[in-house]
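What follows is a single structure, written as structure tokens, with notes after it.
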Amino acid sequence: MNATSTLRIPFFLLLACASLTGCGPGGSHSGEILVGEFASLTGKEATFGVSSHEGTQLAIDELNSAGGALGRKFKLLTEDTRSTAGESSTVVNKLIARDGAIAILGEVASSRSLEAAAVCQQAKIPMISPSSTNPQVTETGDYIFRVCFIDPFQGTVMANFARNTLKAKRVAVFTDVKSDYSKGLAKYFKEGFLKSGGGEIVAELDFNGGDKDFKAQLTSIKAAKPEAIFVPCYYTDAALICIQARQLGLNAPLFGGDGWESDQLVKIGAEAVEGNYFSTHYSPDAGSDKGKRFVEAYKKAFNGKVPDAMAALGYDSAMLLADAIRRCGSTDSQKLRDTLAATKDLDAVTGRTTIDSHRDATKSAVILQVKGGSFKYIETINP
Ligand code: PHE
């Protein structure tokens with residue numbers, strides 16, 4: 001049963017409402033520039049949405065203190081996707097048609113960005129994902145952008161890490177088949193690992209995100225005697241998988257991608273995640289001067305909390321949008337799209353950002369290790 005499909009309001013009806021209320025694109029009676037945001041503020045990946053929203057809000061507040069753009073202030077309208085399939089297209093439809101958002105920022109999770117990208121592309125409203133890394137997100141169409149690297153790169157980074165740093169020849173891969181992110185990253189990892197020479201994938205097992213018992217698959221993985229286990233998924237599942245692997249006496253290191261990054265990984269996984277590794281976009285310990293200023297401002301705004309990758313990329317997504325609005329001198333969607341596409345060398349917290357011909361950004365990756373209950377910076381890998 002799909003409850004959301006019965007609640008979904010047809011796009012044309014919402015458009016009709018918008019024109020009746022006179023609140024057309026960009027627009028607003030108050031003259032503010034309306035920016036829509038969709039984020040997983042609650043549910044299974046709540047830390048993703050909360051961090052990314054905080055980073056985005058901080059950017060909007062800083063932009064407004066500096067006068068906004070085009071003589072107008074920005075207003076961020078945020079909707080919760082509840083970490084649930086079907087919700088993103090509904091809320092993004094509303095942000096565009098009911099509220100008249102001139103651009104959309106979000107999401108973290110690739111499956112949810114993919115859902116919303118179809119809506120934005122059809123409405124010709126620019127969308128910027130802060131941190132979805134599946135290549136298909138921007139392949140949806142020419143109005144869809146991101147400020148982060150993509151998984152063919154991240155998969156290769158972790159393949160080389162497994163082969164060269166962990167010195168693993170026998171690797172198992174455990175994939176969440178409900179997640180486009182997990183399926184894509186598993187594929188690119190395998191390709192990269194086989195290419196890196198001398199390595200073998202000794203087991204490939206699947207699970208469904210949200211499962212609670214992984215013992216059957218982990219028992220098969222154990223039987224294949226891997227030297228390391230690649231688990232490209234999100235933090236809740238990753239933590240449970242690490243716990244159950246240790247319970248089964250599987251002592252090989254487990255490692256993942258950016259989806260592991262959450263303080264919840266350590267809260268849930270405790271000693272079972274210690275020593276394990278993951279790749280991500282950003283470390284507060286490896287920042288430029290701009291990065292350091294961001295860390296200070298973020299801590300000040302959010303009770304001393306240290307920003308993670310989602311926060312930094314959320315911040316950068318709003319800055320990319322504001323930069324384009326200022327450069328094109330308009331919120332017209334086609335002009336804005338063209339200006340976003342021409343972005344070069346924007347000085348962003350996560351590094352210089354140039355939008356390439358696929359509307360993606362080329363950025364470095366960092367590898368972190370869980371050490372003493374927090375994340376220790378290991379190395380930066382340049383593209
Ligand atoms: N890259 C992940 C995805 O595409 C989301 C993510 C980004 C998670 C950054 C954590 C940190 O689904």
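Counting starts at 1 for both ligands and their atoms, following the listed order.
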Give a yes or no on whether Q334 atom CD has more than 12 heavy-atom contacts from other residues, nucleotides or ligands under 6.0 Å away.
no
Cut-off 3.5 Å, no hydrogens considered: what does the side-chain donor-acceptor table look like for residues 188-209, sequence neighbours left out?
from : atom 1 : to   : atom 2 : distance (Å)
K190 : NZ     : E204 : OE1    : 2.6
S196 : OG     : F193 : O      : 2.7

Determine whether any heavy atom of Y234 lies closer than 4.0 Å to an atom of ligand 1.
yes
Does some non-hydrogen atom of A109 fall short of 4.0 Å from ligand 1?
yes
Give yes if a backbone or side-chain nitrogen or oxygen of [X] is under 3.5 Å from a nitrogen or oxygen of ligand 1, and no if not.
X: E261; result: no
X: T280; result: no
X: S110; result: yes

Is the shortest distance from a Lys or Arg side-chain nitrogen in K305 or E54 to a carboxylate oxygen in the other one below 4.0 Å?
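Between E54 and K305 there is a salt bridge, with a charged N closer than 4.0 Å to a carboxylate O.
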Take D237 and K44, measure what side chain to side chain contact (heavy atoms under 4.5 Å, CB included) needs, and give me the verdict at the end.
CA-CA 9 Å; D237 301 320; K44 215 167 133 295; 3.3 Å; yes
List the steps, then state whether ring-ring contact (aromatic ring centres under 6.0 Å, His included) holds for F48 with Y234.
CA-CA 10 Å; F48 288 173; Y234 298 141; 5.2 Å; yes
Heavy-atom proximity to atom 1 (N) of ligand 1, picking from T47, D151, D258, D308, points to D258
With atoms numbered from 1 as shown, which atoms in ligand 1 lie under 4.0 angstrom from a non-hydrogen atom of V108?
2 (C), 3 (C), 4 (O), 5 (C), 6 (C), 7 (C), 8 (C), 12 (O)
For S131, counting its heavy atoms only, list the atoms of ligand 1 lying under 4.0 Å from any of them.
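Counting atoms of ligand 1 from 1, those under 4.0 Å from S131 are 1 (N), 2 (C), 4 (O), 5 (C), 6 (C), 7 (C), 9 (C).
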List the atom pairs, donor and acceptor, that lie under 3.5 Å between side-chain atoms in residues 247-258 and the rest of the protein, sequence neighbours left out.
from : atom 1 : to   : atom 2 : distance (Å)
Q247 : OE1    : K215 : NZ     : 3.2
D258 : OD1    : Q154 : NE2    : 3.3
D258 : OD1    : Y181 : OH     : 2.6
D258 : OD2    : H281 : NE2    : 2.7

